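If you read the sequence from its start, that first residue is 1, and numbering goes on from there. We count ligands from 1, going down the list as the structure has it; atoms in each ligand are counted the same way. None of these values were measured; they are calculated from a predicted model.
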Amino acid sequence: MSNKEYKISVLSGDGIGPEVMAEAIRIIDKVSSDFNVDFIIDEQLVGGIAIDETSSPLPDQTLNSCEHSDAILFGSVGGPKWESLPPDTQPERGALLPLRKHFGLFANLRPSICFPSLTNASPIRADLVEGGFDVLCVRELTGGIYFGEPKEIQNHGDERVAIDTMVYKESEIERIACVAFEAAMGRNKRVTSIDKANVLRNGILWRETVEKVSSKYPEVELDHLYVDNAAMQLIRRPREFDVLLAPNLFGDILSDEMAMIAGSLGMLASSSLGQSLGNGLYFGMYEPSGGSAPDIAGQGIANPCAQILSASLMLRYSFGLTDAANAIDLAVRNTIDAGYRTGDIFTNEEGTHRVNTTEMGDAILSNL
Ligand code: NAD
C-alpha cells in the first residue's frame with residue numbers, strides 16, 4: 001500500500017525564518033520516514049525576499065502553490081530593509097493579511113506552553129507557574145470589531161468622532177466555538193469562554209451560542225469569564241486553564257498576555273485555521289508567534305522550537321497525524337528538560353547548556 005501524501009507550501013520568508021525553517025524541515029523528513037507518510041515540500045517566496053525578487057510580498061506563484069497545498073508552513077516576514085515601503089506593500093501587511101483573507105483563516109490557535117523546566121523564563125511569581133502550564137488560546141480571527149462596518153472617523157460639527165462596529169453572526173460564533181470544543185476533546189476537556197456579556201450585546205449572543213455548541217460536547221466542561229476578570233485570572237492561576245475561547249479583540253490581547261506569561265517567544269507556535277475538512281481537520285497556516293528577529297538573523301542562534309512546534313500543529317490540525325504531532329511535542333519537551341537552551345531561553349541555570357539553532361535541531365531530532 002502506498003504512503004499517504006501531503007503537500008506543504010513552505011514559505012520561510014525573512015530574517016531568522018529560513019534558519020528555523022531548515023530545522024523544521026529536518027523534523028518533517030524524519031516524521032515522514034518514521035510514520036510512513038510522504039510530504040511534498042514546495043518552497044516559495046514570501047515577504048521581503050519576495051519583494052526583492054518579484055516586487056510583490058505575495059507573488060502569484062506563491063499563492064498558487066498555497067492553493068494547491070494541504071497546508072502552509074510559514075516562517076516570518078519583515079525587517080528594517082522594507083519598513084519604509086508604503087504600509088500595504090510591506091511584508092507583513094502585504095503577505096500575511098492577504099493570505100488570511102484569501103483562505104478565510106477564521107480561527108487562530110496559539111498554544112501557550114510553559115515547560116516545567118522553563119518556568120524561570122516566565123515573568124510571574126515562581127509558585128504560580130511551578131510545574132509549568134499548557135493553555136490553548138482559540139481566537140476568532142475574521143469577525144468582530146476589527147472588521148465590522150461602519151468603521152470610520154466622521155466629522156460632527158467641530159469635532160471628529162471615531163466609529164468601530166462590533167458585529168458577530170451566530171454562525172461565526174458557532175464555528176469558532178466548535179474549533180475550541182474539538183480541540184478541548186483532544187486535551188483536558190475544559191473550555192473557558194471569554195466575553196463581556198454584562199455590557200455588550202455581542203457578549204450575550206456569544207455566551208448563548210457557546211452554550212448551545214457546548215451541548216454537543218457533553219464531555220467538555222464549560223465556564224465563562226468576563227474579559228477583565230480573565231486578564232487577572234490568567235496571571236493568578238494560569239495552570240487551571242485548558243482551552244480559552246475568545247472573540248477577535250479579546251483574543252488578540254489575552255493571547256499576547258498568555259505568550260508573555262509563558263515567557264519565551266522562541267518557543268511559541270501558532271496556527272490559523274480555515275475551511276473545515278471534516279473529522280476535526282482544517283486547512284491551515286502554521287507559523288511561530290514571533291517575527292523575523294532582525295537583531296539575531298544570520299547568526300545561526302535563533303530558537304527553532306516555535307517553528308518545529310508549528311509543524312507539529314500542522315500535522316495535528318490539518319493532517320490528523322496525532323501520533324506524529326505528539327512525538328514532536330515530546331521530543332521538544334525532552335530536549336528542553338535535558339538542558340538544551342538557545343540564547344533566548346538561556347539563564348545559566350545548573351544543568352543547562354547554550355546551543356545554536358542547528359544543535360537544538362540535532363538534539364530534538366535525536367529525541368524524536
Ligand atoms: P520579533 O518577534 O521578530 O523579535 C522580538 C524579540 O524576540 C527579538 O529580540 C528577537 O531576537 C526575539 N526572538 C523572536 N523570535 C525568536 C527566536 N525564534 N529565537 C530567539 N529569539 C527570538 O519582533 P519585532 O522585533 O517586533 O519584529 C521584527 C520584524 O518581524 C518586523 O519587521 C516585524 O514587522 C516582523 N514581524 C513579523 C511577524 C510575522 O511574520 N508573523 C510577526 C511579528 C513581527
From [atom], work out which of [options] has a heavy atom at the shortest distance.
atom: atom 12 (C) of ligand 1; options: P80, S270, A293; value: A293
atom: atom 31 (C) of ligand 1; options: E83, K81, M360; value: E83
atom: atom 43 (C) of ligand 1; options: S292, G291, G75; value: G291

For [Y], is there an ion pair with [X] - N to carboxylate O distance below 4.0 angstrom?
X: D252; Y: R110; answer: no
X: K7; Y: D70; answer: no
X: K196; Y: D228; answer: yes
X: K81; Y: D14; answer: no

Regarding ligand 1, does [X] bring an N or O atom to under 3.5 Å of one of the ligand's N or O atoms?
X: E287; result: yes
X: N303; result: yes
X: G290; result: no
X: G79; result: yes

Counting each atom of ligand 1 from 1 as listed, which ones have a heavy atom of [X] under 4.0 Å away?
X: G78; answer: 32 (O)
X: G266; answer: 17 (C), 18 (N)
X: I16; answer: 15 (N), 16 (C), 17 (C), 18 (N)
X: S76; answer: 40 (O)
X: I296; answer: 11 (O), 20 (C), 21 (N)
X: L265; answer: 2 (O), 7 (O), 14 (C)

Can you give me the closest heavy-atom contact between [X] and [Y], atom names plus distance?
X: A331; Y: I364; value: CB-O, 3.7 Å
X: C305; Y: V332; value: SG-CG1, 4.0 Å
X: C114; Y: L118; value: SG-O, 4.2 Å

Under 4.0 Å from atom 21 (N) of ligand 1, can you find at least one protein heavy atom?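 At least one protein heavy atom is under 4.0 Å away.
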
Is I176 reachable from L141 through a run of I, L, V, M, F, W or Y residues, each pair having side-chain heavy atoms under 4.5 Å apart? no

Give the contacting part of L96 toward ligand 1: side chain, backbone, both or neither, where contact means a heavy-atom distance below 4.0 Å. side chain

I need the nearest protein heavy-atom contact for [atom]: residue, atom name and distance, please.
atom: atom 9 (O) of ligand 1; result: D295 OD2, 2.8 Å
atom: atom 40 (O) of ligand 1; result: V77 N, 2.9 Å
atom: atom 36 (N) of ligand 1; result: E92 OE1, 3.4 Å

Parallel, tilted or perpendicular: which fits the ring planes of F106 and Y282, with parallel below 30° and perpendicular above 60°?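 Geometry flag for Y282 against F106: perpendicular rings.
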
Crowding at CG, D60 (>12 non-hydrogen neighbours, <6.0 Å): no

Within the supplied structure, the quantity of interest is the number of heavy atoms (other residues, nucleotides, ligands) at a distance under 6.0 Å from E211 CD; does it exceed 12? yes

Tell me whether P294 reaches ligand 1 (any heavy atom closer than 4.0 angstrom to a ligand atom). yes

Hey, is V20 one of the residues with a heavy atom under 4.0 angstrom from ligand 1? no

Can you check whether E43 reaches M21 side chain to side chain, under 4.5 Å on heavy atoms? no

